[in-house]
Amino acid sequence: MIIQWIYLLTVVAPPESLRVAAISDRSIDLEWDGPMAVTEYVISYQPAVPGGSQLQQRVPGDWSSVAIKELEPGLTYNISIYAVISEVLSAPVSAKVATQLSTPEDLQFKTITETTVEMQWEPFSFAFDGWEISFIPK
């Protein structure tokens with residue numbers, strides 16, 4: 001009987017109803033419902049590509065939302081949230097969430113003729129595959 005009682009004390013209920021509240025090119029805002037009397041939550045995240053580094057963020061147990069910042073644009077992330085009571089972690093609640101692609105900043109039209117348009121914008125500070133530029137002729 002004592003062994004069963006100790007086992008029951010070490011089981012931590014996981015967070016529930018993980019929701020994405022907002023997504024930008026560099027951040028993901030999450031919300032969840034958590035068990036009562038949680039010491040803290042551990043948010044673990046990593047890019048869903050080979051070789052992606054796993055990062056963690058810890059927040060107080062009375063929180064039910066978090067903003068994960070400084071992410072790479074256009075990447076899918078594997079995110080897991082664990083409830084923690086006295087250093088015992090729950091099973092995770094998990095999701096795959098992709099950040100948005102960035103848009104060009106400081107877009108300027110340098111020259112415009114009847115058949116050509118020359119544009120310029122600030123370069124991105126991250127690697128990407130290329131640009132897709134479309135137009136609708138008048």
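- Inter-residue side-chain proximity for Tyr45 and Leu71 is flagged as met; some heavy-atom pair is nearer than 4.5 Å.
- Taken from CZ in Phe109 to CD in Gln120, the straight-line distance is 12.0 Å, to the nearest 0.5 Å.
- Atom CD of Glu122 and atom CG of Asp106 lie 5.0 Å apart (nearest 0.5 Å).
- Note on Leu18: it clusters hydrophobically with Val38, by side-chain heavy-atom contacts below 4.5 Å among ILVMFWY residues.
- Distance check: Tyr41 OH to Asp62 CG gives 9.0 Å after rounding to the nearest 0.5 Å.
- Using a 4.5 Å cut-off between side-chain heavy atoms of Ile, Leu, Val, Met, Phe, Trp and Tyr, with links allowed through other members, Val59 and Val97 fall into the same hydrophobic cluster.
- Summarising the geometry of Asp29 relative to Ala67, their closest heavy-atom pair is OD1-CB, 3.2 Å, with the distance given to 0.1 Å.
- Under the 4.5 Å side-chain heavy-atom criterion for ILVMFWY residues, a single connected hydrophobic cluster contains both Tyr77 and Val20.
- Placement of Tyr82 and Ile28 in two distinct hydrophobic clusters is found when ILVMFWY residues are connected by side-chain heavy-atom separations under 4.5 Å, directly or transitively.
- Smallest separation of non-hydrogen atoms from Pro35 and Ala83: CG-CB, 4.1 Å.
- Nearest heavy-atom pair, Arg58 versus Val42, reported as atom, atom and distance to 0.1 Å: NH1-CG2, 3.5 Å.
- Thr99 places no side-chain N or O within 3.5 Å of a backbone atom of Arg26 that could act as its donor or acceptor partner.
- Between Ile79 and Ile43, some side-chain heavy-atom pair lies under the 4.5 Å cut-off.
- For the residue pair Leu101 and Gly74, the shortest heavy atom distance occurs at CD2-CA, 3.6 Å.
- Within 6.0 Å of the CD atom in Glu70, the count of heavy atoms belonging to other residues, nucleotides or ligands does not exceed 12.
- Of all the heavy atoms in Pro14 and Ala91, the pair that sits closest is CB-O, 3.1 Å.
- Side-chain heavy atoms closer than 4.5 Å link hydrophobic residues (I, L, V, M, F, W, Y) into clusters, and following such links, possibly through other members, connects Ile23 to Val93.
- To the nearest 0.5 angstrom, Met36 atom CE is 11.0 Å from Ile85 atom CD1.
- The neighbour count for Gln54 CD, taken as heavy atoms of other residues, nucleotides or ligands under 6.0 Å away, is above 12.
- Closest approach of Gln46 to Ser53, counting heavy atoms only: CB-O, 3.3 Å.
- Thr39 contributes a side-chain N or O that, together with a main-chain N or O of Ser86, makes up a donor-acceptor pair within less than 3.5 Å.
- In this structure, CD on Gln56 lies 10.0 Å from OG on Ser80, to the nearest 0.5 angstrom.
- A donor-acceptor contact shorter than 3.5 Å links the side chain of Arg19 to the backbone of Ser17.
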